[in-house]
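In what follows, a single structure is set out as structure tokens and then discussed.
So you know, we letter chains A, B, ... as the sequences are listed, proteins then strands, and number each from 1.
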Number of protein chains: 8
Amino acid sequence: MNEDIKEILEKVKAGSMSVDEAFLSLKVQPFEDIGYAKVDLHRKVRQGVAEVIYAAGKKPEQILGIVETMLANGQDQILITRLSTEAADMVNAKVSLSYYEDARIGLVGKMTKPYGIGKIVIAAGGTSDISVAEEAAITAEVLGNEVVRVYDVGVAGIHRLFAHKDELMSAAVIIAVAGMEGALASVIGGMADCPVIAVPTSVGYGASFNGLSALLSMLNSCASGVSVVNIDNGFGAGYMANMINHMGVKA
Amino acid sequence: MNEDIKEILEKVKAGSMSVDEAFLSLKVQPFEDIGYAKVDLHRKVRQGVAEVIYAAGKKPEQILGIVETMLANGQDQILITRLSTEAADMVNAKVSLSYYEDARIGLVGKMTKPYGIGKIVIAAGGTSDISVAEEAAITAEVLGNEVVRVYDVGVAGIHRLFAHKDELMSAAVIIAVAGMEGALASVIGGMADCPVIAVPTSVGYGASFNGLSALLSMLNSCASGVSVVNIDNGFGAGYMANMINHMGVKA
Amino acid sequence: MNEDIKEILEKVKAGSMSVDEAFLSLKVQPFEDIGYAKVDLHRKVRQGVAEVIYAAGKKPEQILGIVETMLANGQDQILITRLSTEAADMVNAKVSLSYYEDARIGLVGKMTKPYGIGKIVIAAGGTSDISVAEEAAITAEVLGNEVVRVYDVGVAGIHRLFAHKDELMSAAVIIAVAGMEGALASVIGGMADCPVIAVPTSVGYGASFNGLSALLSMLNSCASGVSVVNIDNGFGAGYMANMINHMGVKA
Amino acid sequence: MNEDIKEILEKVKAGSMSVDEAFLSLKVQPFEDIGYAKVDLHRKVRQGVAEVIYAAGKKPEQILGIVETMLANGQDQILITRLSTEAADMVNAKVSLSYYEDARIGLVGKMTKPYGIGKIVIAAGGTSDISVAEEAAITAEVLGNEVVRVYDVGVAGIHRLFAHKDELMSAAVIIAVAGMEGALASVIGGMADCPVIAVPTSVGYGASFNGLSALLSMLNSCASGVSVVNIDNGFGAGYMANMINHMGVKA
Amino acid sequence: MNEDIKEILEKVKAGSMSVDEAFLSLKVQPFEDIGYAKVDLHRKVRQGVAEVIYAAGKKPEQILGIVETMLANGQDQILITRLSTEAADMVNAKVSLSYYEDARIGLVGKMTKPYGIGKIVIAAGGTSDISVAEEAAITAEVLGNEVVRVYDVGVAGIHRLFAHKDELMSAAVIIAVAGMEGALASVIGGMADCPVIAVPTSVGYGASFNGLSALLSMLNSCASGVSVVNIDNGFGAGYMANMINHMGVKA
Amino acid sequence: MNEDIKEILEKVKAGSMSVDEAFLSLKVQPFEDIGYAKVDLHRKVRQGVAEVIYAAGKKPEQILGIVETMLANGQDQILITRLSTEAADMVNAKVSLSYYEDARIGLVGKMTKPYGIGKIVIAAGGTSDISVAEEAAITAEVLGNEVVRVYDVGVAGIHRLFAHKDELMSAAVIIAVAGMEGALASVIGGMADCPVIAVPTSVGYGASFNGLSALLSMLNSCASGVSVVNIDNGFGAGYMANMINHMGVKA
Amino acid sequence: MNEDIKEILEKVKAGSMSVDEAFLSLKVQPFEDIGYAKVDLHRKVRQGVAEVIYAAGKKPEQILGIVETMLANGQDQILITRLSTEAADMVNAKVSLSYYEDARIGLVGKMTKPYGIGKIVIAAGGTSDISVAEEAAITAEVLGNEVVRVYDVGVAGIHRLFAHKDELMSAAVIIAVAGMEGALASVIGGMADCPVIAVPTSVGYGASFNGLSALLSMLNSCASGVSVVNIDNGFGAGYMANMINHMGVKA
Amino acid sequence: MNEDIKEILEKVKAGSMSVDEAFLSLKVQPFEDIGYAKVDLHRKVRQGVAEVIYAAGKKPEQILGIVETMLANGQDQILITRLSTEAADMVNAKVSLSYYEDARIGLVGKMTKPYGIGKIVIAAGGTSDISVAEEAAITAEVLGNEVVRVYDVGVAGIHRLFAHKDELMSAAVIIAVAGMEGALASVIGGMADCPVIAVPTSVGYGASFNGLSALLSMLNSCASGVSVVNIDNGFGAGYMANMINHMGVKA
């Protein structure tokens, strides 16, 4: 496989392929089959970031196998989400790993130095939403963004949220994390003039129906400039915010 | 039937029945059968207000029949909800009726003079929620309450809501009417220190699912002092607010 | 922060600020940030009662931390809901705490002496609904209300409920707690002439779908004067009932 | 086809087939194919009643065709449900038909003379449930039962229901028809000591979700001796009640 | 309380109250309050059978307390449903109890000798539905019915069901128990000419959604004479079938 | 575009491309853009049948436009589903069209002569399911299959279904169309030893929820060899059955 | 109100207020009350674009009233969504309006000249999704973006989508509009390295349940960089894409 | 029972019954009752394959009992699905058993030698879907099919799927296994010209709602030739694919 890449690059060097062609060609390319997973080795090129491993439901040795294949192929930044403390310890025994417990994220390699249009503000409604908020925060930091955390600012005590008005108004992107009635996204969406990514969480009881209430609420936000990711999907929000914050900007 | 009432009252007069006994006895009493409906003639005693007719699904002549039976039995205030303009005209031809078009309410008799602990504030999220809000407002006014209307104050432009902070904070009861994401109830519940009755409306599109989104949102309000009535049930909210505003107070 | 309050009070003393202005100003005020939670120190002023801690999903040491911050700021009544026996024991080792096991409630400080318009009656459908009913009952008692418990009065044996007719009819507020078909709220709503707060519970099996059946049933109550809180939300019902029972009345 | 029946009967006459064998054999027998429907000609034998035509979605001429085929084969009692006034008129032009407008039922032939264990009481919650209640009532009457109608007895005015206590307690079977919160079935189930057939109706608004609320409520009835048929299925309830009332009794 | 009963009986004896009046009066009568439950002591009179204890969610000592109160008041047949083996052992240590493990039912006292119109046939779709089917079967047997069990006759192998055609056709009542697609009720409803009580079970996987699929299927049965009880509610079906089988018949 | 095809074919002729390569290459090829639709001109090659136009929501002139583009490109068999009588007439004015009213299908060109492994049997539960069944039947016939129709064989009168046992058992593929409880698929799946395609229909009322009940029922079929298509998707079933019946067989 | 603005601006002029302070202050400011709507006059400052009027459920004269108030206050670009042809004609009679019929959008004023990071590509699954796609497209164009339309590229004919690979890969933002199974968002999300805004549409039949199927599908997209707006909310997607495309760029 | 079979066969031998009659007659025949299950001994004849035991919810000794009854009656190939490792070990102690751990399948007897029209390709979206995919694969292999596994080819990295284009295009049947958004079935359905059986899996989180999202997605596939089995029902898909691949072909 590495042959393919070399071949392409040599063609470029030789002038028989333009840089643009080479770039497009690399985008639609290869992966390595290690039995239980097809490891995608060019995602960094194709989507601008390193491979991400979703650890839930994978055994520690499988995670380790994927990490090692990636390292062997020259990946130098690997993000592992939904990683339990136990699995992190097992991987760490073989491969150096930074572990962020609240976010349940492991990182092989270093965080990218922050760059981009501005700051990503992450607002969370309650103490119980913090785990999802941290997944978003660490994801955005690893990918090279400055992150501002504004936690415990639920709409039922809206003066707490307003104490952070300036941070919200000067953000490049805002991630609004909330369970229960999920109103945070609408209120923030109406205050700010930047894109807002809403993350419903499964926090709540009774008629919250595991995040359904917050999800519907956020989809129905009457504020413009709000879009929604899956319930508890902190990673997805962090990733999307990173993309937006890096629009037209080189690291 | 009037015999029963007389009998009770004469017993009271004669001293063979205490006032309290008579009152309790009247509470569990009669109704008149006019074929298509059992008209409840003592509800004014039992629940403190006149009979209410839910006009949806009833023919104009049925509505008229119920009204006339009530008048013949001495009812002097009859509230008719979900009354179409056409049906109002037909009833009005026979019986004098005030009609409130936005609220789809007809009133036979006069509004009760306002009294109670304080004012009932009715806050509505958007232009399209006004019909439900008016149903609540007219209901409360008919039953003897001063009503303050605060419309078009959805959470996506929360500064509009804050312009009414003083009204909200000095209310005796607040009715929060909202469709779409229904966040208004939570925000108001967190600002005010009086009971909030939330009314989800079926306004919205896509994933609002005819009011389900707003309903769940309101039930999950993380603010204390918020309770909820059925989707679009403006009457129920106005009635409940009236009850609360008249706590321990005589007309 | 205490500076702000002093400043306001001194302005009042000096006559440069009216009492009313001062009160309104304090209502929209501060909180203290202890890392994992923004402790709201003026809620007693703003909403008339002490801070409430929702213990579910918080670690005992976090609960303790919040309690201690509050005590240090002069809070003298702290209600802790959804508190497990284990967490209660751990908090109690440091701070004196009354624990109500059936209600899963802890109380730091004393119950407020009962006052208000009348009694709060709490009716529960079955033995299994008692935990939720007790959460409502203790909440109301802590906040200063006389509570009458009427348990095991499901509608399938409606003569049991009728044996308590006088209590229901003389109540200031009624809380109706029921799972399964949730009909209790409708029947009580039709009998009583005071506000009824309905609490659906997740008790039941098969098609009760974790409280959904009771919730829909209560929302559709054809009786007037009934409003609904979230499934199993005994605290919310007790709090709402307390607000209503204290309408226009000073402690 | 009639040959088959004759053959069987002659075998019985000749003694080569026992009466029991003949009866069982007839139970599993024929139907006539008229293109758009297989008309079941022996249902009277098999299930004890005449054929029933569900008219919704069938054209008047199709209904007429089925009726004529049945008459030609000796059926003398045909029940047609969900029959519109228009279709009834068209059928009536060719075949003599009694039409019950409230119930949307047409009857070819005569009502069976009432017999059975006792009376079937049909209780309905509100004016708007009457159409479904009448479908049940006429069905039961056609099949030979004495029916007692107790309408407009919703649980929110439970004293109305109690005025009919004696009728309910002396019933052989009760059909409880209710929309909205559907609590009627539970209350009646707890009062009576006979089988109760509950029919949820699609009457209601907001969170009644076209009968879902009443359906769940009735399924979760905590009273014993209650079973449920489909939403708005008055015919099904009347048929079931008829079966029960005729247990062990000959016409 | 026993005083009330004596009083009534003496009135009857003295001729100042008719037997009928006395019976009706007893029907609407008393219960004993033992703190955690209001024990209904006259249900045998009111509904014709002994008290039933739903053991799920009750502690063994609570169950024992209820049983002892009942015995002290002269109840001689007590049915305990959803009784675990452990709880059964604990109760049995104090009070003699027959325990039916498959049905999770305990019986204090003796089974009633079978009587009634005919046999109750209980048909179950699969091996996994047997627990619910047995709950129905033992309930019916305890209350005095002859029961015929026809298990493992799912519609996917419909010839198995047909091998029992004669039993189905000669039944007085049939209980059809099925999970998954729940088609058993429809097929049996079309074959038999007696009332069919359908019990959906939560057996199944994937899109069976804990019995919802079977429940909807049974409610939509196109056969007449089918009514439905709650998911997994074997007791409810057995009780209903008992009522029907005893129509017009004395034990 | 036609150039591409010629080029390929000439390469094949010239021997520079194998037939297999040519075939695969054609499979992944072109379409023509006519503004409101990209007409897929090689579907006949790629999927073995002509283009199918789903007419619902398209204007008659758009349908005509697509048909004419196809004809101009040499398509000689075009199937148009969900075609109203009005639209059929308008298309027919310009292009010769056979119209099957019950099935709402239009056909440009001729039916393919039947071939394949055996017959496709289409079983439908009730009169109201016939439209969906006919959509399946005509689709299969157009594509070249012998179809046997077995209608009005719902499971509530299962002897009607058994009268067709031999047809069911000798089928190559069976399509089972049913609304309401959808049990037909399970019963047939248990009787037959060929693949069964189940089509839930939206026929039914009350708790059938527009086909959801039948859909869940069919997905939960405990018979093996049953798979399901979308609600009312008669075309999909006919197409799938055609594919199966033509397995390994040339027209 | 204009006084406030002047006051602020004069303070700035006088140097007593910095430009930044003034800007923040204006952001949290005024609106004008015209009875049926509070017209938000500073949204252009607060969120960077002109006011948007959601015309559904508003009468033509109300729309006109809002437009005129805005024009009188100096708004020079007003976007009106969900505007019917009839309402557009009525508004146009008084105020010059460009009307985009497919998109159901009216524009008072001129389109902003395109600027931003790159192009917005709008991909739509089927002919029937075009109305929603156009709402997104016109919204983005009005707000100043170059838009590329790629329609009729559903995943069932994925080679059609691939013919547009270069456009998708060079986009700044992609909007993926799809009904039915909604897979388009996932496929595009995996191909592109820019943010993807997914819009589920209510197109489809049977088990698409008015867009629910597509909505769930899009939320569950396993591709990173995909977020979702409400069903059929083309405006929301166009607005969000506009925000992202203008990140860090001045018009 | 074996007598019946002998009798039939002797009739055939004697010429008094044709082979065809005998075959049809055997198809509708017997089973053996072993108490907890009616073992179906002729399914091999009736449906062309051996009995399948669904082990979930059955005790190891019950499984063993069924296996032994089958062996005693001459069954030589028994497939056991959802078999845990523990149960497999217990059965294996008595009866020789091959166990496929990933697929949770046990096999008594030998795999059938592959035959049929072509290969069955099984495509799976993610690592976590492999268990369901393997259930399908082993089922198909046991029943005599050549299986090609194409795993980890989710649509978010669609170039991985395209690397297998040739396998997909030359398959006789394809099984598409996917959770989350379930788009795999549509994409494959559009590429291939053979029947596609789609299996939604319960893999996913948040709004995947245990497979509901994938299920709806697959049902709404806009590609023709796709049908769906129950969530996680790998066996059902493998069985259906086997049926199709053996159309018109003898082993």
Side-chain angles (χ1 to χ4, degrees), chain F residues 20 23-24 27-28 40 43-49 52 54 116-118 139 162 165-166 169-170 172-173 189-200 215-216 218-231 233 235-249, chain H residues 20 23-24 27-28 40 43-49 52 54 116-118 139 162 165-166 169-170 172-173 189-200 215-216 218-231 233 235-249:
Chain F
D20 278 5
F23 187 74
L24 276 172
K27 271 186 175 173
V28 290
D40 194 333
R43 186 174 283 193
K44 184 150 197 170
V45 178
R46 213 174 67 253
Q47 292 209 332
V49 296
V52 178
Y54 177 65
I117 291 162
T139 298
F162 284 4
K165 196 167 51 179
D166 293 355
M169 280 183 175
S170 60
V173 192
M191 287 167 68
D193 52 358
C194 71
V196 176
I197 312 299
V199 194
L215 170 61
L216 293 180
M218 286 168 164
L219 283 166
N220 283 289
S221 169
C222 40
S224 302
V226 177
S227 63
V228 184
V229 297
N230 201 353
I231 297 166
N233 191 1
F235 165 74
Y239 189 96
M240 185 77 173
N242 162 67
M243 272 191 165
I244 296 172
N245 191 37
H246 290 170
M247 294 293 292
V249 186
Chain H
D20 279 5
F23 186 73
L24 277 173
K27 269 186 176 174
V28 291
D40 193 333
R43 186 174 285 194
K44 184 147 197 172
V45 179
R46 216 176 61 251
Q47 291 208 334
V49 297
V52 178
Y54 178 62
I117 291 163
T139 297
F162 284 2
K165 196 168 52 179
D166 294 355
M169 282 186 174
S170 60
V173 193
M191 289 167 66
D193 53 357
C194 71
V196 176
I197 312 299
V199 194
L215 170 60
L216 292 180
M218 286 166 164
L219 282 167
N220 283 290
S221 169
C222 39
S224 302
V226 177
S227 63
V228 185
V229 296
N230 201 351
I231 298 166
N233 191 3
F235 165 74
Y239 189 96
M240 185 77 173
N242 161 68
M243 272 193 167
I244 297 173
N245 191 36
H246 288 169
M247 294 293 292
V249 186

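Neither the backbone nor the side chain of H:I231 comes within contact range of chain F; no heavy atom of the residue lies under 4.5 Å from a heavy atom of that chain. For chain H, the nearby parts of F:I244 are the backbone and the side chain; heavy atoms of each come within less than 4.5 Å. For chain H, no part of F:A198 is nearby; none of its heavy atoms comes within less than 4.5 Å. Using a 4.5 Å cut-off between heavy atoms, H:Y54 does not touch chain F at all. Neither the backbone nor the side chain of F:V249 comes within less than 4.5 Å of any heavy atom in chain H.
A side chain to side chain contact (heavy atoms under 4.5 Å, CB included) with F:N230 is found for exactly one of H:V226, H:N220, H:V228, namely H:N220.
Side-chain contact between F:M240 and H:I197: present, with at least one pair of heavy atoms (C-beta onward) separated by less than 4.5 Å. Taking 4.5 Å as the limit, some side-chain heavy atom of H:V173 sits within range of a side-chain heavy atom of F:M247.
For the pair F:Y239 and H:G225, the tightest heavy-atom approach, listed with the atom from each and the gap, is CD2-N, 3.5 Å.
The candidate with the highest count of non-hydrogen atom pairs below 4.5 Å against chain H, out of F:A237, F:C194, F:A241, is F:C194.
From H:S227, atom OG reaches atom CE of F:M243 across 10.5 Å, with rounding to the nearest 0.5 Å. Interatomic distance, CG of F:L219 versus CG of H:N233, reported as 9.5 Å (0.5 Å rounding).
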